[in-house]
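For reference, the structure discussed in these notes is given below.
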Amino acid sequence: MMKVSSDSAVTVYVPRDSAARSVGADKVADALQRAAASGEFAIDVVRNGSRGMLWLEPLVEVATPNGRVGYGPVAPSDVEGLLAAGMLDGADHPLRLGVVDELPWLARQTRVTFARVGVTDPLSTQDYLRHGGLVGLRAALERAPADVVTEVTESGLRGRGGAGFPAGIKWKTVLECTDELKFVCCNADEGDSGTFADRMVMEGDPFMLIEGMTIAAHAVGASEGYIYIRSEYPDAVATMRSAIEIAREHGWLGTHILGSALDFDLHIRVGAGAYICGEETSMLESLEGKRGTVRAKPPIPAIEGLFGKPTVVNNVLTLATVPTVLANGAKAYQELGVERSRGTQVFQLGGNIAHGGIVETAFGVTLRELVEDYGGGTFSGRPVRTVQVGGPLGAYLPTSMFDLPMDYEAFAAVGAMVGHGGIVVFDDSVDMAAQARFAMEFCAEESCGKCTPCRVGSVRGVEVIDKIVAGQQRDENLALLEDLCDLMTDGSLCAMGGLTPMPVRSAITHFPDDFLARDRGQEIQPTQASGARTEGTA
Amino acid sequence: MTISRSDVTVENVVQAVVAGHRGQRGSLLPILHAIQAELGYVPQEAIPVLADELNLSRADVHGVVTFYHDFRREPAGHTTVRICRAEACQALGANNLVGYVREAGLSLGETAADGSVTVEQVFCLGNCALGPSVEANGRLYGRVDTAQLGSILNGTVS
């Protein structure tokens with residue numbers, strides 16, 4: 001954390017984000033350390049978060065008098081040549097990208113929640129304070145809890161986990177409960193394919209989440225908090241644990257936080273590979289040490305949540321955005337966005353995409369801008385055929401709908417959802433019947449089993465789609481699938497069974513040809529298709 | 001199932017782990033994670049001990065152990081490889097990786113006969129912009145092709 005570097009040493013940033021590490025960032029950092037150790041170069045390596053331009057990872061940045069100059073993607077074998085070419089002075093090289101803050105991909109965005117991610121050393125308290133950390137918490141602690149709740153309500157901040165419920169209203173309910181013991185729980189069970197923003201915040205700016213949860217604790221009168229992180233995110237777990245330790249040492253957590261009357265402590269809990277635990281009541285069951293089965297609502301968690309006590313349950317990005325709202329005021333946040341979708345949304349571009357990563361921008365941006373302008377089309381170079389928006393329970397949309405503005409209501413109006421802003425791109429080799437089948441298969445695999453429409457309906461869904469594609473009584477089976485989708489939508493206890501029909505129906509509506517029988521060598525999409533269809537564990 | 005330790009040892013491990021989690025609310029999941037970290041899996045003999053220590057029924061403990069994909073009922077291979085089969089990785093040919101594993105004579109969810117490797121499917125590793133993704137012994141790999149997967153399975157990629 002505390003970097004004492006000689007004046008001559010040049011600061012070089014190599015991300016510690018797990019996406020960057022997955023393509024060799026550790027080896028690049030090692031190569032730089034070795035060059036420094038050899039005495040030939042004076043380098044101070046800082047492991048920052050990722051800027052979210054993931055196709056450029058490992059993205060190495062060099063601090064120069066003109067700003068941070070980026071090079072990427074850097075392979076470990078490139079390091080020697082980069083240093084020889086004068087990378088430490090920001091010199092030219094085929095991998096040189098320019099001053100990172102001025103790269104159009106980044107400069108066009110409105111980074112609010114992600115303002116510090118990739119810029120700072122995630123576990124440096126000095127970096128955090130230098131870049132506006134704790135301003136929101138200090139502002140909150142000077143105000144009465146009810147005023148803090150009002151500020152959050154007025155900002156228009158909506159839950160980022162997918163449902164988009166106004167955060168302030170949830171908080172108000174908890175504040176008004178008179179119980180002695182209340183909890184703040186952060187849902188970091190980011191299990192949806194195509195989403196990684198929660199992970200990047202936890203790995204890249206963990207103090208921001210701690211600050212947001214502490215503000216929530218002050219606002220609702222909670223004394224204890226839990227962050228439920230999925231076990232698939234070991235780096236996020238490790239970074240958050242370290243950050244909590246450091247925060248305690250600095251009096252940012254514990255008793256009399258920042259000299260105020262607030263007492264609040266935070267604990268990490270690690271999930272165990274159950275997708276359903278991203279559903280808030282299931283997560284609460286899991287936090288209580290039980291099977292992650294969904295609870296019926298009411299009672300709502302705000303009134304009877306963890307261990308039956310009033311509980312704020314918010315997603316990582318929601319809580320991470322709270323410090324900004326408090327620091328800059330509700331109005332500044334409110335001014336961003338469109339209609340009832342205020343502020344920014346953190347879009348996550350993934351799947352078959354050339355330039356995948358984090359695009360934080362005001363609501364209202366279109367799918368086309370995201371997929372084509374930012375995303376640069378597919379990674380494979382083939383035409384885009386569809387995107388799935390909002391995770392495995394979100395709709396598949398055709399390119400003809402790419403001018404749709406990203407806001408909660410506009411999407412809901414066409415039978416889709418913005419959800420958490422995850423966008424997964426597929427090229428023209430995709431078989432939509434296979435994707436529809438997978439949606440049902442996934443539901444069968446991950447259903448908690450409590451309600452019948454989800455537990456049994458999903459298994460039947462797989463079977464019916466198989467029959468349709470095999471050409472068995474196609475019309476009757478399509479009608480049956482339609483009926484099954486109605487039943488799952490209306491009769492399921494939670495969004496798992498309730499929304500699984502969304503990808504299925506959208507695939508049938510927008511790509512009906514893929515559901516034609518293909519028994520007589522009439523393959524529609526040749527490559528991945530047949531393999532995926534015979535796949536399955538359901 | 002091969003159990004290399006005697007029942008007494010399992011009991012001791014479980015009791016020590018439980019003692020280390022006293023005072024934590026709803027501590028069964030952290031305890032199960034700790035037992036698995038210690039023993040590599042959650043043995044059947046751990047269940048009655050846990051039930052006794054935590055004042056739960058055996059059915060309750062069994063229910064929790066079997067609900068979550070992470071908890072193993074038997075030891076895994078030397079290397080555990082998890083292939084992401086969620087949508088973002090599907091869009092980049094994750095199923096080719098699964099096909100490769102099958103051709104190598106392995107099947108998802110099972111351990112190779114020589115105990116060298118366990119291959120499993122996983123739904124999302126949070127590396128959706130750099131798929132297809134694979135995790136091996138807790139380490140994440142992005143943009144994995146069949147050649148790299150082969151090296152990972154053979155243990156030649158560390």
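Sequence lines set the chain letters: A, B, ... in the order given, protein chains first and strands last, and positions in each chain run from 1.
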Check your understanding: Picking from B:V64, B:V65, B:L56, B:V61, which has the most non-hydrogen pairs under 4.5 angstrom with chain A?
Key -> B:V64
Review point. Which bit of A:S380 comes within less than 4.5 Å of chain B, counting heavy atoms only: side chain, backbone, both or neither?
Key: neither
Practice item. First locate atom CZ of B:R143, then atom OG of A:S22, and finally report the distance between them rounded to the nearest 0.5 Å. Key: 9.0 Å
Practice item. Sort out for me which of A:A272, A:S193, A:G391 touches chain B most, counting heavy-atom pairs under 4.5 Å. Key: A:A272
Review point. Picking from A:G357, A:C448, A:G449, which has the most non-hydrogen pairs under 4.5 angstrom with chain B?
Key: A:C448
Check your understanding: Taking all non-hydrogen atoms of both residues, which atom of B:T66 and which atom of A:R291 are closest, and how far apart?
Key -> OG1-NH1, 3.9 Å
Review point. Which region of A:Q388, side chain (C-beta onward) or backbone (N, CA, C, O), has a non-hydrogen atom less than 4.5 Å from a non-hydrogen atom of chain B, or is it both or neither?
Key: side chain
Practice item. Give the member of A:Q348, A:E190, A:R230 that has the highest number of heavy-atom pairs under 4.5 Å with chain B. Key: A:R230
Point to revise | Interatomic distance, B:D60 atom CG to A:K290 atom NZ [nearest 0.5 angstrom] | key: 9.0 Å
**Study point:** Inter-chain contacts: residues 23-33 of chain B against chain A, heavy atoms under 4.5 Å
**Key:** B:Q24, B:R25, B:G26, B:L28, B:L29, B:P30, B:H33
Practice item. Quick one: which of A:V270, A:L349, A:T293, A:I353 has the most heavy-atom pairs under 4.5 Å with chain B, could you say? Key: A:V270
Point to revise | Segment of A:F438 engaging chain B (4.5 angstrom heavy-atom cut-off) | key: side chain
Exercise for review: Hey, could you give me the CD/CD distance between B:E135 and A:E232, rounded to the nearest 0.5 Å?
Suggested key: 8.0 Å
Point to revise | Pairwise salt bridge (Lys or Arg N to Asp or Glu O under 4.0 Å) hits with a residue in residues 104-121 of chain B, at least two apart | key: B:R72-B:E120
Exercise for review: Could you tell me whether the side chain of B:F67 reaches within less than 4.5 Å of the side chain of A:S286, counting heavy atoms only?
Suggested key: no
Practice item. Please flag which part of A:D192 lies under 4.5 Å from any non-hydrogen atom of chain B: side chain, backbone, both or neither. Key: backbone
Check your understanding: So which of B:G126, B:A86, B:S133 has the biggest tally of heavy-atom pairs under 4.5 Å with chain A?
Key -> B:G126
Review point. How about A:V430 and B:Q90: do any of their side-chain heavy atoms sit closer than 4.5 Å?
Key: no
Check your understanding: Do B:F123 and A:F442 touch side chain to side chain, with heavy atoms closer than 4.5 Å?
Key -> yes
Exercise for review: Measure A:L306 against the heavy atoms of chain B and call it side chain, backbone, both or neither at under 4.5 Å.
Suggested key: neither
Exercise for review: Using a heavy-atom cutoff of under 4.5 Å, enumerate the residues of residues 50-59 of chain A that contact chain B, numbered in order, or state 'none'.
Suggested key: A:L54, A:W55
Practice item. Measure B:V122 against the heavy atoms of chain A and call it side chain, backbone, both or neither at under 4.5 Å. Key: side chain
**Study point:** Choice from A:M200, A:E224, A:H355 maximising heavy atom contacts with chain B below 4.5 Å
**Key:** A:E224
Practice item. Check whether any side-chain heavy atom of B:R85 lies under 4.5 Å from a side-chain heavy atom of A:E445, and answer yes or no. Key: no
Exercise for review: Calculate, to the nearest 0.5 Å, the distance between atoms CG and CZ belonging to B:N127 and A:R21 respectively.
Suggested key: 11.5 Å
Practice item. Mind checking side chain to side chain contact (heavy atoms under 4.5 Å, CB included) for B:C128 and listing every partner two or more places apart, or none if nothing turns up? Key: A:F196, B:A88, B:C124
Point to revise | Winner by heavy-atom pair count (cut-off under 4.5 Å) against chain B, out of A:G292, A:P392, A:G191 | key: A:G292
Review point. Looking at CG of B:L125 and CZ of A:R199, how far apart are the two atoms once the value is rounded to the nearest 0.5 Å?
Key: 10.0 Å
